[in-house]
Amino acid sequence: METDLKPEIAGNFITHIVEEDLRNNKWNGKVLTRFPPEPNGHLHIGHAKAINLDFGIAQQYNGKCNLRFDDTNPIKENESFVTGIQEDIRWLGFDWEDRLYHASDYFQRMYDYAIELIKKGKAYVDSLSLEEIREYRGTIKTPGRNSPYRDRSVEENLDLFQRMKQGEFPDGAHVLRAKIDMAAGDMLFRDPLMYRIRHAHHHRTGDKWCIYPMYDYAHCLEDSIEGITHSLCSLEFEAHRPIYDWFLAELGIHHSQQIEFARLNLTYTVMSKRKLARLVEENIVKGWDDPRLPTLSGLRRRGYTPEGIRSFLNKIGVAKADSTVDVALLEFSIREHLNKITPRVMGVLHPLKVVIDNYPEDTVEYMEAVNNPEDETMGTRKVPFSKIIYIEKEDFMEDPPKKFYRLTPGREVRLRYAYFVKCENVIKNEKGEPIEIHCSYDPATTGGNAPDGRKVKATLHWVSADHAVNCEIRQYHNLFLKENPEEVEAGKDFLDNVNFDSLSIIENCKLEPGISGAKTGEKFQFERIGYFCVDPDSTDDKLVFNQTVTLRDSWQKIKQKMK
RNA sequence: UGGGCUGUAGUAUAAUGGUAGUACAGCGGAUUCUGGUUCCGUAUGUGGGGGUUCGACUCCUCCCAGCCCAACCA
């Protein structure tokens with residue numbers, strides 16, 4: 001009972017505010033949040049943090065969360081992104097029900113509100129050029145100056161603004177600005193732009209409008225119109241909050257509370273649309289869904305599960321300090337989930353042929369193997385065993401270090417679910433590399449148990465050579481060589497930190513036959529190696545797997561320490 | 001003397017005037033037919049100085065460090 005009620009999102013400064021508001025009945029007990037993506041790109045795990053907060057907080061406090069496309073800039077935005085964004089949010093496990101909105105649905109109301117502000121003397125049409133506006137704005141250290149058009153009469157402003165809307169002027173001829181304070185310390189308060197002229201086709205409103213509202217004016221209205229109670233956004237909008245509040249106060253309409261939190265950063269990757277776009281455009285990765293990218297489509301293709309991602313998101317918490325989360329926590333979270341749900345299978349990535357000399361030829365035994373030791377209900381399967389098998393190259397060493405306890409000349413190990421085998425002989429190539437191992441097996445150890453209670457230090461996975469299914473495996477490593485890809489010498493940029501060995505493709509891997517027919521997206525644990533997911537590049541003839549994440553590997557650590 | 005914000009173990013977060021806790025990472029060990037999982041143990045922290053208080057991560061003050069703001073982007 002207690003676990004059912006346990007909130008998924010741990011207490012943080014935002015839940016404190018929401019709870020306080022609920023206690024004070026500030027919004028009549030309502031919680032209404034929104035996730036407001038701009039349809040101009042792909043969602044990444046940083047967005048997932050926001051989505052998880054927006055939807056999660058609503059869920060947790062019996063509220064709702066709207067999905068709203070913030071489509072106020074027709075030049076950058078595009079319907080094609082809308083579908084992908086919705087797909088990603090649904091995949092993550094969130095539902096906006098019938099509350100799918102668009103900022104463009106509110107264009108008329110925004111226009112009417114602008115007229116109201118003009119009439120109040122709080123907005124004016126400015127006819128300065130782009131360069132002049134910039135110059136008049138001043139700098140951080142020096143105050144701005146009033147535009148010569150700042151004191152136009154209400155009538156003139158009304159007339160000009162209406163004509164802007166009617167398309168009488170070319171792009172850039174005029175803008176509508178709020179009349180606030182050109183000397184304000186907060187740069188954003190120096191008469192922010194409300195509307196600009198853009199003779200551009202909008203993906204939803206077509207050519208109906210040629211003036212489009214700017215973020216500072218539009219966003220607060222969108223929230224207000226929808227009756228949003230808590231408007232969560234990232235830290236860089238903190239400086240915008242006074243304007244957000246100013247417009248709503250001047251208009252005297254529903255006043256949502258904007259709350260800012262720190263966006264997610266992850267080690268060894270980048271998290272901005274702009275930088276991700278460069279990686280894609282410069283062909284450093286193969287597309288927006290490249291499994292090395294932190295995009296939701298990339299993570300999905302790589303084999304991450306929504307549950308794993310949400311669990312990660314709930315572990316990292318929410319705060320206002322800029323921070324960078326160790327990607328190891330993401331990996332832990334996905335392993336945690338995959339461990340519970342994936343069927344185990346034996347697969348050899350780098351095959352080494354093993355001949356069991358005293359095993360009869362033309363005999364095949366079907367060994368019973370457990371599908372998931374974490375979940376008995378997943379049952380068992382039969383895996384064929386025969387005289388010639390493959391084991392992992394890494395599991396044999398002719399001259400091993402002390403802590404190596406896998407196969408080595410004269411040593412006995414267990415073949416998982418099969419038999420104890422002992423290495424009798426090694427055949428090597430000209431370069432001295434082992435190419436074929438000859439073993440003897442103990443028929444009494446069938447199934448992998450020794451009746452005399454004899455112990456072996458290692459259990460190896462294997463695949464019967466005659467029955468093996470070939471496949472391609474793609475292993476992924478960090479896309480960047482540095483924890484912080486931005487850490488560069490003067491004159492260089494993050495692309496100089498790209499790890500060009502971030503993808504390894506292995507052909508002719510050997511899998512147990514039961515895996516044939518696996519479908520795109522299906523996930524498995526290859527025992528002793530890691531978690532793998534069937535890639536869409538798979539064909540009827542050849543399976544292609546992505547390595548989602550390796551298993552924890554304490555042998556690697558021991559090896560490192562021995563160096 | 002622009003404006004705003006933030007500093008808690010290696011990392012991310014909790015504690016809102018009353019024993020500084022959790023997770024990941026690290027280290028050590030137990031169990032194990034996956035060097036996986038699980039379990040046990042362990043080191044490491046309030047940016048710095050002053051002040052208020054019986055008592056300060058928490059309140060005040062000064063300092064230091066970092067981030068955001070000068071798009072007709074969001």
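All chains are named by letter (A, B, ...) in the order of the sequence lines, taking the proteins before the strands, and each is independently numbered beginning at 1.
Relative ring orientation between A:Phe385 and A:Trp462 is described as perpendicular, the plane-to-plane angle rising above 60° on a 0-90° scale split at 30° and 60°. Ring planes of A:Phe107 and A:Tyr212: perpendicular class, angle over 60° (limits at 30 and 60°). Ring geometry for A:His240 against A:Tyr215 counts as perpendicular: the plane angle is over 60°, on a 0 to 90° scale with 30° as the lower cut.
Rounded to a whole Å, the NZ atom of A:Lys320 is 9 Å from the P atom of B:G7. Taking atom NE2 of A:His337 as the reference point, atom P of B:G36 lies 21 Å away to the nearest angstrom. Nucleotide B:U13 holds its C1' atom 12 Å from the CZ atom of A:Phe312, rounded to whole Å. For the pair A:Tyr217 OH and B:A74 C1', the computed distance is 17 Å after rounding to whole Å. Rounded to whole Å, atom P of B:G2 lies 18 Å from atom CG of A:Leu188. The nearest whole Å value for the distance from the CZ atom in A:Arg196 to the C1' atom in B:C72 is 6 Å.
The aromatic ring of A:Trp555 stacks onto the base of B:G35, its centre lying under 5.5 Å from the centre of the six-membered base ring with the two planes under 30° apart.
In terms of phosphate contacts, A:Arg190 brings no side-chain nitrogen or oxygen within less than 4.0 Å of OP1 or OP2 of B:A70. Neither OP1 nor OP2 of B:C73 sits under 4.0 Å from any side-chain N or O of A:Lys273. Put simply, A:Lys561 has no side-chain N or O that comes within less than 4.0 Å of OP1 or OP2 on B:G35.
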Step-by-step side-chain contact (heavy atoms from CB on, under 4.5 Å) determination, A:Phe261 to A:Ile14 = CA-CA 8 Å; A:Phe261 62 89; A:Ile14 299 177; 4.1 Å; yes

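Nucleotides B:A15 and B:C59 have their P atoms positioned 13 Å apart, rounded to a whole Å.
On a pure distance criterion of 3.5 Å, no polar donor-acceptor pair joins the side chain of A:Arg552 and the base of B:U37. No N or O donor and acceptor, one from the side chain of A:Arg335 and one from the base of B:G36, sit under 3.5 Å apart. No N or O donor and acceptor, one from the side chain of A:Glu394 and one from the base of B:G35, sit under 3.5 Å apart. Between the side chain of A:His240 and the base of B:A74, at least one donor-acceptor pair of N or O atoms lies under 3.5 Å.
Closest to the side chain of A:Thr72, from the set B:U13, B:C24, B:A74, is B:A74.
Nearest-nucleotide mapping onto RNA chain B: of A:Arg414 and A:Phe13, the residue sitting toward the 5' end is A:Phe13.
With sequence neighbours excluded, no residue satisfies ring pair (Phe, Tyr, Trp, His ring centres under 6.0 Å) with A:Phe35.
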